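Note that the structure is predicted; figures quoted are calculated from it, not measured. Order of listing sets the numbers, starting from 1, for every ligand and every atom in it.
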Amino acid sequence: MNISQLKQMMLLTAHQMIKSEPMLTELDQVIGDGDHGIGMKRGFSALIKLMDNPTFQPQNVGEFWVQIGTTLMTSMGGASGAVFGTLFRAGGKSLDVEKEFNAVSLARWLNQGWLAVHTRGGAKPGDKTMVDALSAAADVANAVQSLPLDEALSRCAEAADQGAEGTKMMVASFGRAKNLGERAIGHCDPGAVSMALILRFMAQYAANEMK
Ligand code: ADP
Ligand code: MG
């Protein structure tokens, strides 16, 4: 996938994330403070502006993702601005000379991203955060590096979905949901659902574009 296709992919993803705002808001109202959907909407609206800006001409796929991360970090705010910004920025830094994004780049991007999110915020799998979706996707990405990108993305999205679904049964160790203790059981972590949605929308674009 080249840089112009990456732009199209993230444009579609951004529009779909904005549409998901009510559902994400509802989830964060149950176990957080209710602002997750709004933060995502703000971040992905800023991404649409970035994709539409003619002066945005990244020279390689790494620079593309770093810019996405910086935009999310500076527009979203909250814990998730730092967390998702870190994922995209660190993932991008690991790809800073590549002109094409493929299943091998996807694996590096997700794994370096997850490492950086862990280093920054300390969350590990099982803590009921977006890391549960991200780390599940990163593990699968390692195993599917020989597949075409659209199939690899679809497998990662599926794993992230299962990771997000798995947060339902967890007690939170981070963020505001921590204060709820056992009462958080039965509800998915909003950040994990966002992570799974981002990958699902990316996979949908790739499936249509790369047929
Ligand atoms: P805030 O917690 O500031 O209200 P949001 O509601 O936008 O921020 O985002 C909450 C989400 O951020 C959580 O659902 C969780 O997935 C994610 N999150 C919070 N802290 C961490 C952390 N240390 N590491 C990874 N993800 C985190
Ligand atoms: Mg919140």
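Counting only heavy atoms of the protein, atom 27 (C) of ligand 1 lies nearest to Val83 CG2, 3.7 Å. In terms of protein heavy-atom proximity, atom 6 (O) of ligand 1 is closest to Asp35 OD1, 2.9 Å. Of the protein's non-hydrogen atoms, Ala123 CB, 3.5 Å is the one closest to atom 24 (N) of ligand 1. Nearest protein heavy-atom neighbour of atom 13 (C) of ligand 1: Asp189 OD1, 3.4 Å. The nearest heavy-atom contact from the protein to atom 10 (C) of ligand 1 is His36 ND1, 4.1 Å.
Counting just the N/O/S atoms of Asp35, the one with the shortest distance to the Mg ion (ligand 2) is named OD1. The atom of Asp28 that is an N, O or S and sits closest to the Mg ion (ligand 2) is OD2. The Mg ion (ligand 2) is closest to atom OD1 of Asp33 (considering only N, O or S atoms).
Among the candidates Leu110, Leu149, Leu95, the single residue satisfying the side-chain contact (heavy atoms from CB on, under 4.5 Å) test with Ser105 is Leu95.
The distance from ligand 1 to the heavy atoms of Gly121 drops below 4.0 Å at these ligand atoms: 23 (N). The contact set between ligand 1 and Asp28, taken as ligand atoms under 4.0 Å from a residue heavy atom, comprises 6 (O).
Side-chain contact, Gln162 with Glu158: a donor N or O sits under 3.5 Å from an acceptor N or O. Side-chain polar atoms of Gln8 and Glu209 form no donor-acceptor pair below 3.5 angstrom.
Close to ligand 1: Ser80, with a non-hydrogen atom less than 4.0 angstrom away. Ligand 1 has Pro190 within reach: a non-hydrogen atom of the residue lies less than 4.0 Å from it.
Backbone and side-chain nitrogen or oxygen atoms of Ala79 are examined, and one is located within less than 3.5 angstrom of a nitrogen or oxygen of ligand 1. Remark: ligand 1 and Lys128 share no N or O pair separated by less than 3.5 Å (distance only, no angle test). Ligand 1 has no nitrogen or oxygen under 3.5 angstrom from a nitrogen or oxygen of Gly78. Taking only nitrogen or oxygen atoms, main chain and side chain alike, Gly191 reaches within less than 3.5 Å of ligand 1.
Ring geometry for Phe84 versus His36: interplanar angle of 30 to 60°, hence tilted.
Criterion: ILVMFWY side-chain heavy atoms under 4.5 Å apart, direct or through other members. Under it, Met170 and Ile31 are not part of a common hydrophobic cluster.
Looking at Arg176 against ligand 1, only its side chain comes within 4.0 Å, counting heavy atoms.
Side-chain N or O atoms of Arg120 include none that pairs as donor or acceptor with a backbone N or O of Ala82 at under 3.5 Å. Here the side chain of Gln145 pairs a donor or acceptor atom with the backbone of Asn142 at under 3.5 angstrom. Asp127 contributes no side-chain N or O that, together with a main-chain N or O of Thr129, makes up a donor-acceptor pair within less than 3.5 Å.
Counting heavy atoms from C-beta outward, Ile38 and Glu21 have side chains that approach closer than 4.5 Å.
Between Val66 and Gly92, the shortest heavy-atom contact is CG2-C, 3.8 Å.
Proximity annotation for atom 26 (N) of ligand 1: of Thr167, Leu134, Thr129, Leu27, Thr129 comes nearest, heavy atoms only.
Note that CG of Leu106 and CE of Met1 are 10.0 Å apart. Values are rounded to the nearest 0.5 Å.
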